[in-house]
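Just the heavy atoms: all of them, side chains too, but no hydrogens, waters or symmetry mates, feed the values below. Chain naming here is simple, since letters A, B, ... match the order of the sequence lines and numbering starts at 1 in each.
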Protein chains: 2
Amino acid sequence: MTLLDLLGRRMALRVLWELSNANAPLTFRELEAAAETNPSVLNKRLKELRDTQIVEHCKEGYCLTSEGRSLVALILPLHAWSESWASKLRTER
Amino acid sequence: MTLLDLLGRRMALRVLWELSNANAPLTFRELEAAAETNPSVLNKRLKELRDTQIVEHCKEGYCLTSEGRSLVALILPLHAWSESWASKLRTER
DNA sequence: CGGGATCCCCGACGATACTG
DNA sequence: CAGTATCGTCGGGGATCCCG
């Protein structure tokens, strides 16, 4: 599985986003609510993200590993780019 | 469609990669060979990439737009990260 | 509360044949 | 050479139920 494979899947980025915005670890149910998803998908994503050591299951919930945090840092510019790109495409049509 | 949706699809990154490494525009058949894919998938990806103005159909083939080039620039660090990440995971198991 | 099991559905993929 | 049409296959998404 490639990185973009993983990140492209439903709720993968959303989970990273929610975790990076929380100052405390989030529980399974909290994540489920925050990401507005169902246990099935959330469970699959978390398993993949744990397997790849981007997220870990620490005491009292899930949080980003240091790897995960460095990845999020790289994604932010990409996210910014995609925002302006999306709005640009929208206004053109 | 979101950016990662688009980039996560088969051959999307590969096409960007091949185009960014070519110093001249590539024809449909050349891209097909370079990316080791079939016309069906290539056609779909090119259509999406053209719609979103990341790739354009210039004289004598396909090439990146300036948008496309700025996107590729942002992806490179991510790519580097994923390389070391993949090899790290591999050696750990 | 955490998370695995099941089941259905739909859309992406991929091969190939075909047309302008 | 460029691109479209067709069709079977496969895997992910999502809802829901259930057990420890």
Side-chain angles (χ1 to χ4, degrees), chain A residues 1-65 68 71 75 82 86, chain B residues 1-65 68 75 82 86 89:
Chain A
M1 194 192 343
T2 117
L3 179 68
L4 258 124
D5 221 25
L6 207 170
L7 295 184
R9 292 195 177 153
R10 211 99 208 287
M11 296 300 152
L13 281 180
R14 180 68 178 268
V15 165
L16 293 189
W17 180 253
E18 300 297 344
L19 287 182
S20 77
N21 278 0
N23 16 18
L26 295 178
T27 70
F28 191 90
R29 301 292 181 199
E30 282 169 345
L31 260 178
E32 185 184 351
E36 300 171 300
T37 184
N38 61 62
S40 167
V41 168
L42 180 59
N43 186 34
K44 286 171 191 166
R45 277 318 80 76
L46 282 177
K47 187 175 301 183
E48 293 161 3
L49 291 170
R50 263 181 292 160
D51 282 353
T52 51
Q53 303 175 24
I54 291 172
V55 159
E56 65 185 348
H57 199 178
C58 50
K59 71 287 173 201
E60 319 235 334
Y62 291 95
C63 45
L64 294 172
T65 64
L71 176 59
I75 290 174
S82 96
Chain B
M1 197 189 346
T2 115
L3 178 67
L4 259 125
D5 222 25
L6 207 170
L7 296 185
R9 293 197 175 149
R10 213 101 208 286
M11 296 300 151
L13 281 180
R14 179 70 178 267
V15 165
L16 293 189
W17 180 254
E18 299 298 342
L19 286 182
S20 76
N21 278 1
N23 16 18
L26 295 177
T27 69
F28 191 90
R29 300 293 181 201
E30 283 169 344
L31 259 178
E32 184 184 353
E36 300 171 301
T37 186
N38 61 63
S40 167
V41 168
L42 180 59
N43 186 34
K44 286 172 193 163
R45 275 319 80 77
L46 282 177
K47 190 173 297 184
E48 293 161 3
L49 291 170
R50 263 180 292 158
D51 283 353
T52 51
Q53 303 175 23
I54 290 172
V55 160
E56 64 184 348
H57 199 179
C58 50
K59 71 286 173 202
E60 319 234 334
Y62 292 94
C63 45
L64 294 173
T65 64
I75 289 174
S82 95
L89 282 186

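Note on A:Thr37: nothing from the nucleic acid sits closer than 4.0 angstrom, heavy atoms only. Within the nucleic acid shown, A:Lys47 comes within 4.0 Å of sugar-phosphate atoms alone, with no base atom in reach, counting heavy atoms only.
Following rounding to the nearest Å, A:Asn43 (CG) and D:dA15 (P) show an atom-to-atom distance of 15 Å. Straight-line distance from the CE atom of A:Met11 to the P atom of C:dG3: 18 Å, rounded to whole Å. The distance from atom CG of A:Asp5 to atom C1' of C:dC13 is 13 Å, rounded to the nearest whole Å. If you measure from atom CD of A:Glu32 to atom C1' of D:dA15, you get 12 Å, rounded to the nearest angstrom. Between B:Leu31 atom CG and D:dG3 atom P the separation is 10 Å, expressed in whole Å. As a whole-Å value, the separation of A:Leu6 CG from D:dG12 P is 11 Å. Atom P of nucleotide C:dA15 and atom CD of B:Glu36 are separated by 12 Å, given to the nearest angstrom. A straight line from CG of A:Leu42 to C1' of C:dG4 spans 13 Å, rounded to a whole angstrom.
Distance from the side chain of B:Arg9 is smallest for C:dC13 among the nucleotides D:dG3, C:dG3, C:dC13. For B:His57, the listed nucleotide lying nearest its side chain is D:dG3; candidates were C:dG3, C:dC13, D:dG3. The side chain of B:Arg29 lies closest to D:dG3, out of D:dG3, C:dA15, C:dT6. You'll find that the side chain of B:Phe28 is closest to D:dG3, out of D:dG14, D:dG3, C:dG3. Taking the side chain of A:Lys44 as heavy atoms from C-beta on, and the options D:dG3, C:dT16, D:dG14, the nearest nucleotide is D:dG14. Distances were taken from every side-chain heavy atom of A:Asn38 (C-beta onward) to each of C:dA12, D:dG3, D:dA15; the shortest belongs to D:dA15.
Contact between the side-chain N/O atoms of A:Ser40 and the OP1/OP2 oxygens of C:dA5 is not found at any separation under 4.0 Å. Distances shorter than 4.0 Å separate none of the side-chain N or O atoms of A:Tyr62 from OP1 or OP2 on C:dC1.
Between A:Asp51 and A:Lys47, no side-chain nitrogen of the basic residue sits less than 4.0 Å from a carboxylate oxygen of the acidic one, so the salt-bridge criterion is not met.
Side-chain contact between B:Leu46 and B:Leu31 is present, with at least one heavy-atom pair separated by less than 4.5 Å.
Pairing each heavy atom of B:Met11 with each of B:Val41, the nearest pair is CG-CG1, 4.1 Å. Taking every heavy atom of both residues into account, A:Phe28 and A:Leu42 meet most closely at O-CD2, 3.5 Å. Closest of all the heavy-atom pairs between B:Leu26 and B:Glu18 is CD1-O, 4.0 Å.
Where B:Thr27 and A:Glu48 each meet DNA chain D at their nearest nucleotide, the meeting point lying more 5' is that of B:Thr27. Nearest-nucleotide positions on DNA chain C place A:Leu46 closer to the 5' end than the other of A:Leu46 and B:Gly8.
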